[in-house]
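Single-structure report; data block below.
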Amino acid sequence: MAASSMRSLSSDNSKYLQAFHLFLERSTEHQCMQDFIEKQFPDIISGIGHGKTSLNVLGIGSGAGEIDLQLLSHIQRKYPGVRVNYDVVEPSSEQISSYKERVAKKSDLDHVNFTWHNKTSAEFECEWNDRKEQKKYDFIHMIQMLYYVKDVSATVKFFQKCMAPNGKLLIIIVSGSSGWDTLWKKHSHHLAVCDMNLLVTSWDMKQILDAQGAKYEHLNLPSFMDISECFIQGNRNGELLMDFLTEVCDFCKTASPEMVAAILEDLKLPGCSQKRDGKILFNNNLAAIVVDP
Ligand SMILES: C[S@@+](CC[C@H](N)C(=O)[O-])C[C@H]1O[C@@H](n2cnc3c(N)ncnc32)[C@H](O)[C@@H]1O
């Protein structure tokens, strides 16, 4: 069981955002997604808009929209002049404000109509069902957000139902071969301070989709995070990265010294990381899973 003084990082949105931004700085997370978007995404969307004059796109847990806008620019490139109706589901109002600021700075979004839904995916689903909504989406993405839903299988199933006949659902999630899998499989019983699915990886996703008989494609996206600062005692960035790794707010201060030591020890092992150029690089490999309707 988790120590009673430990609190989930997600329960403190401002601390979560600090940790998330540092994670983005110290990792190749967005770089590896950019490579995927440049090289593989154009093929993925090649059939979604055939003969259409408008496209419906849905982003779930879009954060501040960095990745969304990159996806969007490829959609616009592939379907020039086509109107895009872009629904964004994001529960953090700070993230939605940053997203809107980012959109305001872009000049090439004349054909795009954004609707921001300041809610969780479960709230969006409830509202959808209440309204008996019939809208279908040509492209839906769930990028690094499935950890935060209560029922992964039901969530994915719901959004599959919202896809247009030629639509695609893109899920990006940590790989089953990543350090996250090793760390969380071993320590989740100490760290689970909320009812989220922090353990969910691409392997679980494949099992869920296989059980549903879904058709999908699986691609590996290699990535790492420099966690060297975690091993400098009292280092502020190191402590914030530990919060992100454990999903516990102020982990180094609220967990027992034994638990902190055990996790630091495991973080150094080959199942979690490798040493390169004097740095300790955590295995942050991701997977992109592209689901058909
Ligand atoms: C790790 S961030 C990923 C952001 C963005 N997709 C990216 O890859 O940069 C996870 C996002 O999911 C959002 N989120 C958390 N719980 C959620 C839920 N239940 N439904 C939808 N989004 C959620 C968070 O607010 C956050 O913006």
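Atoms within a ligand are numbered from 1 in the order they appear, just like the ligands themselves.
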Judged by modelled atom types alone, do Asp243 and Tyr16 share a side-chain donor-acceptor pair under 3.5 Å? no

Using distance only, find each side-chain donor-acceptor pair of residues 262-276 under 3.5 Å and give its atom names and separation, not counting sequence neighbours.
unit_1: Asp266; atom_1: OD1; unit_2: Lys186; atom_2: NZ; d: 3.3
unit_1: Asp266; atom_1: OD2; unit_2: Lys186; atom_2: NZ; d: 3.0
unit_1: Asp266; atom_1: OD2; unit_2: His187; atom_2: NE2; d: 2.7
unit_1: Ser273; atom_1: OG; unit_2: Leu267; atom_2: O; d: 2.6

Is there a side-chain contact between Phe159 and Leu58 (heavy atoms, below 4.5 Å)? yes

Kindly state whether the ring of Phe41 and the ring of Phe139 have centres lying under 6.0 angstrom apart. yes

Ion pair present between Lys15 and Asp250, side-chain N to carboxylate O less than 4.0 angstrom? yes

How about Arg236: does its CZ atom have over 12 heavy atoms from other parts shown lying under 6.0 Å from it? no

Set of residues that line ligand 1, where lining means a heavy atom lies under 4.0 Å from it: Tyr16, Phe20, His30, Gly61, Ser62, Gly63, Glu90, Pro91, Ser92, Gln95, Thr120, Ser121, Ile143, Gln144, Met145, Tyr148

